[in-house]
Each structure stands twice: as C-alpha cells, then as structure tokens.
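All remarks here apply to the structure that follows.
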Amino acid sequence: MNSERIWAVIPAAGIGARMNSDIPKQYLKIEDKTILEYSINRFLEHSKIYKVVVALSPNDSYWEELPYKDNPRVLTTTGGVDRVDSVAAALAFIRESEGAESDWVMVHDAARPCLSSRHIDNLITSKESSPDGATLAVGAIDTVKQANKRQTIEKTIDRDMVWLAQTPQFFPLGTLKHAIDSALKEGQTVTDEASAMEFAGYHPSLVIGSRKNIKITEQEDLLLASIWLSHGID
Ligand SMILES: Nc1ccn([C@@H]2O[C@H](COP(=O)(O)OP(=O)(O)OP(=O)(O)O)[C@@H](O)[C@H]2O)c(=O)n1
Ligand SMILES: C[C@](O)(CO)[C@H](O)COP(=O)(O)O
C-alpha cells in the first residue's frame, strides 16, 4: 500500500466581505447544497484523498448544520485572521494528529465549488514529475496590462507567460508547512501556497485547470457557478 497519504485542506474561515451577503459566502446555497459542501464532497468522493481538514472561523455558527458530524474523514480546526493563517492552522493540526512527513496535501478554497475530479487526478499525476508541487492554473486569455500608480498603462505583459493561479494547490506536507511558517516569520505576503513555496526557493508546476473552477468572490459569480454546477462538472 502506498504509505504516502494525500490530505485535503479546505480554508473556510473567511467572512466573504466582497460578496456583501448576510452569511459567509461559503454557506450560501446553490440548488440544494452550500458552496462549502460542493468543495468538501469533491474530495470525499475521490478514492485517493485520505481525509479532509476544514478550517472554520471561531465564530462559525453554520458548520453544525452540515452533514459531516459523524464522518470520520472530515475533521475541523479553527482558522486564522487571513487565509494563510487558516491554512497554517490546518497543516499544524494534521502534523499534530496523524500526518506523516511523506504525506502530501491538497489545499482548496471552500469558495471554489466547481472543481472537477479530473483536475484532482491531474494534480496527483503531476506529483512524480513535480517534486516542488503544483497548482492548478489557467493561462491569461485577455491582453494583460501592467498599471502604474496613476492607473494608466505602464506596459503590456506577454500574456503567454501569465497564468492565473487557482486551487487546489498540491505540495509535500512538511515542506509546505515549513515554507508557510518561514514566509510568515519573514513578514512575506502569502495569498496562495505556491507563493510561500516560491519564497522558499521552490518552483511549483502549473497544471492546466479550468475557467469553470471560479472562486466565488462577488455576487455575479453565484450565477456563473450555478450554471456550471447545474450542468455537471466533468
Ligand atoms: N481568514 C481566512 C480568510 C479566507 N479564508 C478562506 O480562503 C478562501 C479564499 O478566500 P476569499 O475568496 O478571499 O474568501 P474571503 O476572505 O471570505 O472573502 P473576502 O476577501 O471577500 O472577505 C475562502 O474559501 C475563505 O473562506 C480562510 O479560510 N480564512
Ligand atoms: C488561493 C487563490 O484562490 C489563488 O488564486 C487566491 O490567491 C485566493 O485569494 P483570496 O483573496 O484569498 O480570495
């Protein structure tokens, strides 16, 4: 049996300020399920995912309503002020429980419910050729402009070299935890796991994702996600 287990970490401790909704956006419903359930279920349905650790806000009063109370593969911990703090807390939880040095972890935003199982497979497949880990990403399809402080165009950037990072992001558990802890200690801004790995000198691979794998951030994203989810995510 392959001793290298794959954990999923779902940062779900945000407040969704940009959504301007009455409840944290991860608990908004699309059809019959919350956004968070879509994200968690994608990993529970995948045979190669060992367990799912969800980082929740200390003020979360919605989690108890979700159907995971008796599921031994779904664990929770308390998130932090920023997304990176929530991820760090989940990694610490794994290491302090049954995480092993040889394990890997897939970090996925709760706010990205339109993830396909095929893309989880692709990330796992990338493991052999990407020892520094990998992230799903999509190439820029618009012309990319770099702005200056006057919000005028400084220059056009070669869009063939521009990729928009998504999640899941997939890394060796111990390496990622150390990279994030170091980056935070150095006061680095860490908005995704790959940036912490880059700061530590690694070069994660870019695995092609999908433009369906949107991050639900503002109101208009809800309609788009509901269309993708109602048509089934391949
Ligand atoms: N302290 C935080 C902040 C964010 N997240 C999670 O990180 C993911 C991506 O973050 P984002 O889309 O920015 O969510 P929010 O921070 O909730 O949104 P906003 O910035 O609009 O408040 C979300 O699933 C969110 O729940 C988290 O676990 N802990
Ligand atoms: C992790 C991420 O989804 C990659 O694009 C993104 O950085 C999250 O940013 P947010 O501001 O925390 O939503």
Side-chain angles (χ1 to χ4, degrees), residues 7-30 33-43 52-63 66 74-94 105-115 119-120 123 133-140 144 162-171 176 179-180 183-184 188-199 204-222 224-225:
W7 298 75
V9 162
I10 310 281
I15 61 170
R18 289 171 284 182
M19 180 58 73
N20 277 318
S21 56
D22 297 339
I23 65 173
K25 64 184 180 184
Q26 56 272 33
Y27 290 105
L28 293 172
K29 281 198 166 185
I30 295 178
K33 281 197 286 293
T34 63
I35 287 166
L36 177 52
E37 287 171 270
Y38 286 104
S39 296
I40 291 173
N41 293 347
R42 192 64 75 227
F43 293 95
V52 181
V53 177
V54 187
L56 299 172
S57 163
N59 309 316
D60 186 304
S61 57
Y62 307 93
W63 172 257
L66 270 54
V74 180
L75 308 167
T76 63
T77 191
T78 301
V81 173
D82 294 316
R83 180 186 179 282
V84 64
D85 303 309
S86 298
V87 173
L91 297 179
F93 174 87
I94 294 171
V105 63
M106 214 172 260
V107 182
H108 184 63
D109 296 328
R112 290 183 188 266
C114 303
L115 174 65
H119 287 114
I120 294 177
L123 271 176
T135 180
L136 285 190
V138 288
V144 181
V162 173
W163 290 68
L164 307 178
Q166 300 182 331
T167 67
Q169 304 200 2
F170 186 41
F171 299 104
L176 177 61
I180 288 178
L184 289 177
Q188 288 295 316
T189 300
V190 178
T191 57
D192 72 341
E193 289 63 59
S195 48
M197 294 292 286
E198 295 156 44
F199 177 65
S205 295
L206 294 159
V207 173
I208 295 175
S210 166
R211 297 211 327 272
K212 294 180 183 177
N213 183 26
I214 62 169
K215 180 164 65 71
I216 295 182
T217 305
E218 297 174 333
Q219 279 289 330
E220 57 262 40
D221 300 324
L222 288 170
L224 207 46

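Owing to the predicted nature of the structure, the values given are computational and were not obtained by experimental measurement. One-based numbering, in listed order, for ligands and for the atoms of each.
Residue, atom and distance of the protein heavy atom nearest to atom 15 (P) of ligand 1 are G16 N, 3.8 Å. Nearest protein heavy-atom contact of atom 10 (O) of ligand 1 is R83 CD, 4.3 Å. Residue, atom and distance of the protein heavy atom nearest to atom 9 (O) of ligand 2 are K215 CE, 3.9 Å. Of the protein's non-hydrogen atoms, A13 N, 2.9 Å is the one closest to atom 28 (O) of ligand 1. What sits closest to atom 6 (C) of ligand 1 on the protein, heavy atoms only, is P11 O, 3.4 Å.
Within ligand 1, the atoms closer than 4.0 Å to a non-hydrogen atom of V81 are 1 (N), numbered from 1 in the order shown. Within ligand 1, the atoms closer than 4.0 Å to a non-hydrogen atom of K215 are 12 (O), numbered from 1 in the order shown. For ligand 1, the atoms lying closer than 4.0 Å to a non-hydrogen atom of I15 are 17 (O), 22 (O). Taking a cut-off of under 4.0 Å to the non-hydrogen atoms of R83, the atoms of ligand 2 that pass are 1 (C), 12 (O). Those atoms of ligand 1 that come under 4.0 Å of a heavy atom in S86, given as number and element, are 1 (N), 2 (C), 27 (C), 28 (O), 29 (N). Less than 4.0 angstrom separates some heavy atom of A17 from each of these atoms of ligand 1: 19 (P), 21 (O), 22 (O). Near T167, the atoms of ligand 2 lying under 4.0 angstrom from a non-hydrogen atom of the residue are 1 (C), 3 (O). Close approach of ligand 1 to A12 (heavy-atom distance below 4.0 Å) involves ligand atoms 26 (O), 28 (O). For ligand 1, the atoms sitting less than 4.0 Å from at least one non-hydrogen atom of A111 are 24 (O), numbered in the order shown with element in parentheses. Close approach to D192 involves these atoms of ligand 2, each under 4.0 Å from a residue heavy atom: 1 (C).
Considering each of D109, T217, I214, the one bringing a non-hydrogen atom nearest atom 3 (O) of ligand 2 is D109. Considering A110, G14, G79, G80 only, the shortest heavy-atom separation from atom 1 (N) of ligand 1 involves G80.
At least one heavy atom of R18 sits closer than 4.0 Å to an atom of ligand 2. Not close to ligand 2: E193, with no non-hydrogen atom less than 4.0 angstrom away.
With a heavy-atom cut-off of 4.0 Å, V87 does not touch ligand 1 at all. Under 4.0 Å from ligand 1, the heavy atoms of K25 that appear belong solely to its side chain.
For the pair L36/L66, a side-chain contact is recorded, criterion being any heavy-atom separation below 4.5 Å from C-beta on. Two residues are said to be in side-chain contact when any heavy atoms from C-beta on lie closer than 4.5 Å; Y62 and I23 meet this criterion. The shortest distance between side-chain heavy atoms of F93 and L75 falls below 4.5 Å.
Environment of CD1 in I208: sparse, with no more than 12 heavy atoms of neighbouring residues, nucleotides or ligands closer than 6.0 Å.
Salt-bridge check for E218 with K25: failed, with every basic side-chain N at 4.0 Å or more from each acidic carboxylate O.
For the atom pair CG of L28 and CG of D221, the computed distance is 11.5 Å after rounding to the nearest 0.5 Å.
Heavy-atom minimum distance, Y38 versus P113: CB-CB, 3.6 Å.
Residues Q169 and D192 have side chains that bring a donor and an acceptor to within less than 3.5 angstrom of each other.
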Start with the C-alpha gap between N213 and S210, add the side-chain angles, then the distance that decides, and say whether side-chain hydrogen bond (donor to acceptor under 3.5 Å, both in side chains) holds. CA-CA 5 Å; N213 183 26; S210 166; over 6 Å; no
